[in-house]
Amino acid sequence: MSIKTRFAPSPTGYLHIGGARTALFSWLYARKHGGKFVLRIEDTDLERSTEASVNAILEGMTWLGLDYDEGPFYQTHRFDRYKAIIQQLLDQGDAYYCYCSKDELEFMREQQMANKQKPRYDGRCRDRESPRDGVQPVIRFRNPNTGSVIIEDLVKGQVEVQNSELDDLIIARSDGSPTYNLTVVVDDMDMNIDYVIRGDDHLNNTPRQINILNALGATPPKYAHVPMILGEDGKRLSKRHGAVSVMQYKEEGYLPEALLNYLVRLGWSKGDQEIFSIDEMIEHFDINDVNRAASTFNPEKLLWINQQYMKEAPVEHIARYLSVHFGELGVDPSQGPAIEKVIDAQRDRAKTLVEMAQTSVYFYQDFAEYDEKAVKKNFKATTVEALQALHDAFTDLSDWRAEVIHPCIEQVAERLDLKMGKVGQPLRVAITGGSSSPAIDITAELIGKEKVLKRLQNAIALIQSRT
RNA sequence: GAACCGGUAUGCAAAUGGUUAAGCGACCAGGCCUUCAACCUGGAUGGUGCGGGUUCGAAUCCCGUCCGGUUCUCCA
């Protein structure tokens, strides 16, 4: 039995963290069950929807690798269908024209609030016989006013809402265009969506949607309302909290699998396991196991997960993304050591691709200036001797490999009766400009003999000029 | 204000009626070591928002209360 899930964003901005997570959950659920994953663009709000947002969302999905089997479908292409359904509801008596003005409705709401009631439309146009002149009416759904709706939510459990709590929602604006609660219902029905996985900000809408579905004689899908992601202040995640766009994480040097891994663990877990490959996610993820409570987005843990992926991912995979970040720094990784070797050397000490690129520039380009602290600490008048000895020893090396460089450095240290730290660290500063790099022999190998010799001379000159 | 959904250490969370409430992150200390990191070892931090009840036994079930979130748009 094949199932179908969907992700239905409205194109009013980028793909954000929360959207990416519900997309991921829907995608995983479809993949797990060998079903289909549908992408639908809910662009009925003509004023706020933009093509740029559509592209941003598609771009985000692509980067994350959340591929879809059907779509993208655009609701704006389906207006005829919505009109037909609205007409059907009108004909059945399940919908009616409402001529109330916005002012009138607002006044009513204020009154209700003042009386400590839940603001809701009171149904005053329900039985209106004739139009009001000069008013373009909206169309409202005639919600049942007795009984209740029970949602068997896969995440929240059983949720019951009294129909008396619901009012007659607008399904068509006065310009005739359909509204969200109507279009989702029609689309999920037409597209045979079995599982609606979405944020729990939609939980309150669900009973109304079920009522519309019932009026249309359709069987409601199964619902799973996943908890929202909150910012560190406990408020709904928004721009205030910094990076919320998925693509910003790409720019900041995160691997897409790492983001996915962080997101899947936010509100879902399987015992002690923290790291899940995509295949493991597909195998183990179950929407039924998703937590009911909202969770707070924690950038530190995301960083940790990214670091895990930086350490474990195949080098070629990292290389693909890293070269872009090198490019942004004006570094051409084809001019110098193989990028794969640099990655291997650096992967244990970089949490992001950006960090890796930034700390690897000296492999490809001469540095403009030294880290002043490192110079102060490691470049003493007496260091000249060590650096000169290294220079001479290196000059004689015909085989420039770490395995050869390492004993060579050790011999120099031994000969001068110095500890390794007194030789290796000045060398590091001399050839990288700073005090931290991969193991010194590997660092030297990757930088290359010629550049190492030149940088040693520069360092010697610097020390002499200062003393 | 009303309805709905939540509340386990500073964050994510496990334990779904059964000894002493997992694990990860963050934090601290030590080890390894040519630096940083990685890695290894150890440490500190909670009695499960609060109050009551059911039970031999409650983080788990019930009631009340407090706090937070969501919805109540001719937004989605």
Side-chain angles (χ1 to χ4, degrees), chain A residues 8-12 42-45 47-49 75 98 100 102 105-106 109 112-121 136-140 151 153 155-157 159-162 164-167 169-175 177 179-181 183-184 199-207 225 227-228 230 232 234-236 262 265-275 291-305 307 311 346-351 359 374 378 406 409-410 413 419-429 432 434-441 443:
Chain A
S10 61
T12 53
E42 310 221 321
D43 53 355
T44 52
D45 184 345
E47 309 220 331
R48 296 200 305 149
S49 300
Q75 293 191 320
C98 169
C100 297
K102 289 186 185 181
L105 295 174
E106 198 168 317
R109 264 194 288 273
Q112 288 164 330
M113 289 287 263
N115 290 331
K116 305 194 173 195
Q117 289 173 326
K118 184 179 190 168
R120 27 200 301 281
Y121 180 64
Q136 280 296 316
V138 299
I139 300 172
R140 287 182 186 272
I151 308 165
D153 195 274
V155 173
K156 303 284 183 180
V159 177
E160 180 173 7
V161 177
Q162 299 300 318
S164 55
E165 290 296 332
L166 273 21
D167 64 358
L169 65 294
I170 294 172
I171 56 175
R173 304 182 180 89
S174 46
D175 66 3
S177 63
T179 60
Y180 167 74
N181 280 298
T183 58
V184 249
D200 71 5
D201 47 335
H202 288 286
L203 186 57
N204 290 285
N205 289 141
T206 306
H225 288 94
M228 316 215 65
L230 274 21
E232 287 181 302
K235 306 272 188 235
R236 187 179 182 151
Y262 177 72
R265 278 287 290 103
L266 201 54
W268 174 80
S269 62
K270 184 182 179 293
D272 283 359
Q273 194 171 343
E274 294 288 355
I275 302 299
N291 222 116
R292 294 169 171 217
S295 34
T296 306
F297 188 77
N298 183 203
E300 281 173 341
K301 185 143 187 189
L302 204 210
L303 199 57
W304 177 78
I305 289 186
Q307 182 182 42
K311 287 188 335 199
Q346 291 280 51
R347 64 192 317 173
D348 278 347
R349 75 207 79 233
K351 288 184 161 73
T359 56
N378 297 288
H406 187 78
I409 299 173
E410 277 179 335
K419 282 195 165 180
M420 194 59 176
K422 292 285 182 200
V423 179
Q425 198 58 2
L427 172 59
R428 172 171 285 113
V429 178
T432 71
S435 57
S436 93
S437 86
I440 191 64
D441 49 358
T443 304

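Letters A, B, ... mirror the listed sequences (proteins, then strands); counts begin at 1.
As rounded to the nearest Å, rA22(B) and rG64(B) have C1' atoms that lie 32 Å from one another. Between rG30(B) and rU48(B), the distance separating the two C1' atoms is 33 Å to the nearest Å. Annotation: rC75(B) and rU70(B) have their C1' atoms spaced 15 Å apart (nearest Å). Taking the P atom of each, rG18(B) and rA59(B) are spaced 10 Å apart, rounded to whole Å. Across rU41(B) and rC4(B), the matching P atoms stand 50 Å from one another, rounded to whole Å. Going from the C1' atom of rC67(B) to that of rU8(B) covers 16 Å, rounded to whole Å. The P atoms of rC12(B) and rA26(B) are separated by 15 Å, rounded to the nearest whole Å. Nucleotides rU45(B) and rG1(B) have their P atoms positioned 40 Å apart, rounded to a whole Å.
If you check every strand for non-hydrogen atoms under 4.0 Å, S436(A) touches a base. At a threshold of 4.0 angstrom between heavy atoms, the contacts of N205(A) include nucleobase atoms, whether or not backbone atoms are also involved. H225(A) comes within 4.0 angstrom of nothing in the nucleic acid, heavy atoms only. Heavy atoms of K301(A) sit under 4.0 angstrom from at least one base atom. The residue A172(A) sits apart from the nucleic acid: no heavy atom pair falls under 4.0 Å. Within 4.0 Å (heavy atoms only), R347(A) reaches no atom of the nucleic acid at all. Nucleic acid contact class of S177(A) (heavy atoms, under 4.0 Å, all strands): none. Among the protein residues, P438(A) comes within range of the nucleic acid bases, having at least one heavy atom under 4.0 Å from a base atom. Among the protein residues, E165(A) comes within range of the sugar-phosphate backbone only, with heavy atoms under 4.0 Å from sugar or phosphate atoms but none that close to a base. Within the nucleic acid shown, V138(A) comes within 4.0 Å of at least one base atom, counting heavy atoms only. S435(A) comes within contact range of at least one nucleobase, with a heavy-atom separation under 4.0 Å. When heavy atoms are screened at a 4.0 angstrom cut-off, Q307(A) is found touching the sugar-phosphate backbone but no base atom. In this structure, T296(A) reaches the sugar-phosphate backbone alone: every heavy-atom distance under 4.0 Å involves primed, P, OP1 or OP2 atoms, never a base. When heavy atoms are screened at a 4.0 angstrom cut-off, G434(A) is found touching no nucleic acid atom at all.
The salt bridge (Lys or Arg N to Asp or Glu O under 4.0 Å) test applied to E165(A) returns K118(A), not counting sequence neighbours. Under the side-chain contact (heavy atoms from CB on, under 4.5 Å) criterion, N181(A) pairs with L169(A), N205(A), Q209(A), sequence neighbours left out. Under the side-chain hydrogen bond (donor to acceptor under 3.5 Å, both in side chains) criterion, H202(A) pairs with Y180(A), not counting sequence neighbours. Applying the side-chain hydrogen bond (donor to acceptor under 3.5 Å, both in side chains) rule to K351(A) yields no partners; only residues at least two apart in sequence or on another chain are considered. Here D201(A) pairs with M228(A), R236(A) under the side-chain contact (heavy atoms from CB on, under 4.5 Å) rule; sequence neighbours left out. Checked against side-chain hydrogen bond (donor to acceptor under 3.5 Å, both in side chains), T179(A) has no partners two or more places apart in sequence or in another chain. With sequence neighbours excluded, no residue forms a side-chain hydrogen bond (donor to acceptor under 3.5 Å, both in side chains) with N204(A).
Side-chain contact check for T359(A) versus R349(A): every heavy-atom pair is 4.5 Å or farther apart.
The footprint of chain A on RNA chain B, defined by a heavy-atom cutoff below 4.0 Å, extends from rG1(B) to rA76(B).
Against the 90° criterion about 0, the sugar-base torsion of rG47(B) places it in the syn range.
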Walk me through whether R109(A) and Q112(A) qualify under side chain to side chain donor-acceptor pair (under 3.5 Å). CA-CA 5 Å; R109(A) 264 194 288 273; Q112(A) 288 164 330; over 6 Å; no
Are T432(A) and S437(A) close enough, and set up right, to give a side chain to side chain donor-acceptor pair (under 3.5 Å), and what steps lead you there? CA-CA 8 Å; T432(A) 71; S437(A) 86; 5.2 Å; no
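When base pairs are accepted only as Watson-Crick or G-U wobble with both N-N or N-O distances under 3.5 Å, RNA chain B takes part in stems of 3 or more pairs at B:1-7 with B:66-72, B:27-31 with B:39-43, B:49-53 with B:61-65.
Crowding of E160(A) atom CD: a count of heavy atoms from other residues, nucleotides or ligands under 6.0 Å exceeding 12.
When the nearest nucleotides of RNA chain B are assigned to M113(A) and M420(A) by heavy-atom distance, the more 5′-ward of the two goes with M113(A). Each of T179(A) and L266(A) was assigned the nucleotide of RNA chain B with the nearest heavy atom; the assignment lying further toward the 5' end belongs to L266(A).
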